[in-house]
Structures are given as structure tokens and as C-alpha cells.
There are 2 protein chains.
Amino acid sequence: MKNNKYQAIYQQLVMKIEKQDFVAGSKLPSEHDLMELFDTSRETVRKALNQLAQNGYIQKVRGKGSIVLARDKFDFPISGLVSFKELAEKMGRPWQTVVHELESVVDSSDLESKLGESELWKVVRSRRVDDESIILDKDYFIKSQVPYLDQDICKNSIYNYLESEQGLQIAFADKEVTVEEATDEDRQLLDLNGLTHVVVVKSIVHLDDASPFQYTESRHRLDKFRFVDFARRMK
Amino acid sequence: MKNNKYQAIYQQLVMKIEKQDFVAGSKLPSEHDLMELFDTSRETVRKALNQLAQNGYIQKVRGKGSIVLARDKFDFPISGLVSFKELAEKMGRPWQTVVHELESVVDSSDLESKLGESELWKVVRSRRVDDESIILDKDYFIKSQVPYLDQDICKNSIYNYLESEQGLQIAFADKEVTVEEATDEDRQLLDLNGLTHVVVVKSIVHLDDASPFQYTESRHRLDKFRFVDFARRMK
DNA sequence: AAGTGGTCTAGACCACGGT
DNA sequence: CCGTGGTCTAGACCACTTG
């Protein structure tokens, strides 16, 4: 819990919207009202509202007010840097992680240019849902940032370990989504059922001081891939 | 050109970053310096900087400064609600749009629930790049918002027509990306070369008063699909 | 200690929508 | 006209990094 007024206001409003205390299509109280309600200044209220708009909860309309949007919350997915554990738990389906490789490697020159360092952890895991192996995750972590890893951590959430135990702050990622022909490894570790292609999500993940620390390749079975997004028009 | 100081500052900084006047990895001038440079208040500078951070140009680090990020600018894609015309022109490749259907339809009940209206325009277009048909766009527009359409407008940019001629302001969209088996229509209108699946991007587009006005289904040939994204970690 | 970004305030003026 | 959100200001205090 931070001491941020505007984040507190944001969270309270999100809660009320998700509980449907504010119905989609109706309007939020005016900035002036919220200002008195939370006993704060207008700019602080506006910071919270801008965050709501950014995340697709409301649409602000000049001269009218802030309209509550109908966001399908139930499947915020791979978007926005969620870990598989968070994602799986949000889906409420039984899931399982199988660790295939966990080893220390020294570069492959392609990765060094992306991560700026050559001593890496290589982790290969597959994700099972409903007793089928549908995602293959290949992760590379910079050893100087992640000195220790073990099977147990990999079987649970590496992100959770890094953020809560190691105090690393994951900040942002560059991502690329493409479709590629399945490799032998894909056919071995995924239940492809004869499918010839896989959806590949490649990303470079950065810490909050802007240093890259992880390269990930997430290979998804076509028919199980789904990606939901909320996009605002930039001017 | 609007009268916005902070957007003007944002645009000037973007320009300098893209021209590499500010090199990736180096730091922007401090907020205090920018404040004097642009003869403005600190909060105004900060609005511009927050927009830069939001769009992946910089990473702000407390106590240090704003670090310029190495964004691959060359292929900002389907992300962020770009029209095909903008996208194609940014790629600098010769492209062509073929209009297959342009007709007035009355609902199909599935769409009415999404758009809240039953009188629609249906537009089917394919997009050719390098002499191959690789994208099939199926659009439905609400007739009360879009009273007129013709072949010519569809062959160019519908968005451009709506925004500059009709004064409609596109604001945001809900999107879903999946992979589906190719339909007969796909095989007919796309050069699939035997590929069995297509990447499907479905979206509902809203105007700036939050009213939905368009449903789009964009069907892409697997091997030509690429989606680049910049994602910030939400807390 | 000096410099950086992060939060917050109280007030001002503007642009837009509805009455 | 009033109420709404959009922009801007000048100043304050705090938290963090660096010398």
C-alpha cells in the first residue's frame, strides 16, 4: 500500500465499477463531486480518472462527464505483461507447469546483442491446461540480475519470485506476435494434434531502470491462442 | 494544430528522438531544464514526458532522469488503431485495395447486439501487397453514423473519409486476436497457397462519445501476420 | 548536499454541451 | 446561462540517486 492518493482513488473507483455500483453506460460523479467526495484537489481526481480511461474503464467526454464502459473483464490476457500463473488463475482452470530444462548457458551471440550480457539462465517449460500441453515457454534471464533459480521456482511463478523475493521491478516489454512453422521441439513438447504452425510471442522484458533482463519466446498452439486488447486512438 | 503546449512539447521531443538528436540510452534534459527550455510550468513538461513514457519513447527513473529507449519505430503495426492505409504507407510497400462487396444490410441479430442498431453498411475488401492478396477485411458500419459510402471511398481510406469529411472522431476499440480455420470465402479472396488457417482480428470501434459504430473482422494470411506491441506493467 | 523525478494543492481560464 | 471536462500555473513537500 503506497501513500498515493490518486492510486487509492483509482482503485476504489475500479472496485465500484467491477462491482457494478457504477453501471456501464451511466456516468461517474463529476470531477468536482469526486473532489469533495475524496477531499482532494481536482488534478488529483483527474490523475485517477485518466488512469481509468487509459485502462478502458471510462470514456471522458468534454461538457458531459465520464461514461462507464462495458469492459469484458473476464479474460484480460497476455496483454499488459501478465505472467502465466496470473493468467491461469484468472481463467479459473486447472493448470500445470512442466520444467524441461533449467541450465546455465553462455550466450549464443544473438541473445547477447538483445540483452547485453552473455551469462544467462535458460529455462524451458510447457504449460498444461485440461491435460493438454498448449504453451511452450523458452526464457532467458540475465545471471547478474537473477543469481539463483531452481526447479521449484520455475514450477511456480518466476516473476513472483523475482518481484517479491528479489525486489526486482519489471517495468515494460517489447513484444512481437507472429505465426511460425512448428519445430521438432514444438512437436515433442506440445500436443499439436497435427497442426503445422504455432503462434509465437517474443518479448524482451525490462526492469524499471530500463535495463533489459529477460528474453522470452512463448509458443502457443494455434487453436488455444486468444489475445484481447483495448486500444486507444493516438492523435 | 491545437493550442496545447504539452502536446507541442511532446511532438518536438518525439521528433528529436526519432532524428536521434537524443540517442537511445542517454538521458533527456531534466524536467527543470525542459521547463525553462519551453518556458512553461513543470506539470506541463511532465504531461509531455508521461506521454513519451506511455508510448515507449522514454523510461523515467526517479532520482536519475528520463532515459531514451531504443524503440524500433519502423513497424508500428496493427496496434493502436492504425488504418490499413496508414500502415501500408508506413511500410513503404506498394499496396492495393480491392472492393468485393459494398451493400446495405439489415442486421443479422448477432451484430445488432454488438452495435445496438440494425441498419448497417457491409463492406468486404481484400488488401494486396507485392501482388498477393494477404488480408481480407469485413467491415460493418452503423448507417445512422455513416449515411453515405461509395466504391471510391472504400478503395481509399474509409477512416480518413469519416474523420476528415464527416467529422467523426474514432476514440477506442475492443480487439480480439485468434486463429481460425480458413473459410471458403478466405480461400476465394486470399492467396492462401494451401494454408489451412488464418489469423483473425475482430474489433468493435467506438467514437469519442463512447458509442459503438463499427464492427470489423480482419483476416490475415498466417505467414504475413506480424504484430508489435509495447506493454507497460500495470500495478 | 544537490539534483532528479513523484505527488499534491488552489486557483485560473478555456471549450463544449445542455438548458 | 451553468455544469462539465481540458489545459496551465507557481509553488510546496517528498523519495531517491549521486557525489
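Quick note on labels: first sequence line is chain A, next is B, and so on, each numbered from 1. All values reported here derive from a predicted model rather than from experimental measurement.
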**Prompt:** Does the gap between the ring centers of Tyr215(B) and Phe141(B) come in under 6.0 Å?
**Reply:** no

**Asked** Quick one: do Glu163(B) and Arg233(A) make a salt bridge, cutoff under 4.0 Å?
**Response** yes

**Item:** Nearest-angstrom distance from the residue atom NE2 of His32(A) to P of dG5(D)
**Value:** 11 Å

**Asked** Atom OH of Tyr6(B) and atom P of dT9(D): how far apart are they, to the nearest Å?
**Response** 13 Å

**Distance in angstrom units between Gln7(A) CD and dT7(C) C1', rounded** = 10 Å

**Request:** Give a yes/no answer on whether the side chain of Lys60(B) brings an N or O atom under 4.0 Å of OP1 or OP2 in dT4(C).
**Result:** no

**Request:** Check every atom of dC8(D), dT7(D), dT18(D) against the side chain of Lys64(B) and return the nucleotide holding the closest atom.
**Result:** dT18(D)

**Asked** Can we say Glu217(A) and Arg219(A) salt-bridge, meaning some charged N sits less than 4.0 Å from an Asp/Glu carboxylate O?
**Response** yes

**Asked** Which whole-number value in Å describes the distance from Leu49(B) CG to dT4(C) P?
**Response** 13 Å

Atom pairs, N/O to N/O, protein against nucleotides 10-14 of chain C, distance under 3.5 Å?
none

**Asked** So which nucleotide from dT7(D), dG6(C), dT17(D) ends up closest to the side chain of Glu31(B)?
**Response** dG6(C)

**Prompt:** What do you reckon, is CG of Asp39(A) surrounded by more than 12 foreign heavy atoms closer than 6.0 Å?
**Reply:** no

**Single hit among Lys47(B), Arg46(B), Arg62(B) for salt bridge (Lys or Arg N to Asp or Glu O under 4.0 Å) with Glu31(B)** = Arg46(B)

**Request:** Using five pairs at either end of the helix from dA1(C)-dT18(D) to dG18(C)-dC1(D), determine the angle between the two local helix axes and round it to 10 degrees.
**Result:** 10°

**Request:** Give the rounded distance in Å between these two atoms: CG of Leu34(A) and P of dT9(C).
**Result:** 14 Å

**Prompt:** Of the candidate nucleotides dC8(C), dT4(C), dT7(D), which contains the atom at the shortest distance from the side chain of Lys47(B)?
**Reply:** dT7(D)

**Message:** Using the rule salt bridge (Lys or Arg N to Asp or Glu O under 4.0 Å), only one of Lys122(B), Arg125(B), Lys202(B) pairs with Asp139(B); which is it?
**Reply:** Arg125(B)

**Asked** Arg93(B) and Val129(B): which non-hydrogen atoms are nearest, and at how many Å?
**Response** CB-CG1, 4.2 Å

**Prompt:** Could you state the CD-P distance from Gln51(A) to dC8(C), rounded to the nearest angstrom?
**Reply:** 11 Å

**Item:** Lys5(A) NZ to dC14(D) C1', straight-line distance once rounded to whole Å
**Value:** 14 Å

**Message:** Minimum heavy-atom separation for Val68(A) and Val23(A), please, with both atom names.
**Reply:** CB-O, 3.5 Å

**Item:** Distance-minimising heavy-atom pair for Ser66(A) and Leu49(A)
**Value:** OG-CD1, 4.2 Å

**Nearest-neighbour nucleotide for the Thr44(A) side chain, dT9(D), dT7(D), dC8(C) considered** = dC8(C)

**Item:** Phe38(A) CZ to dT9(C) C1', straight-line distance once rounded to whole Å
**Value:** 18 Å

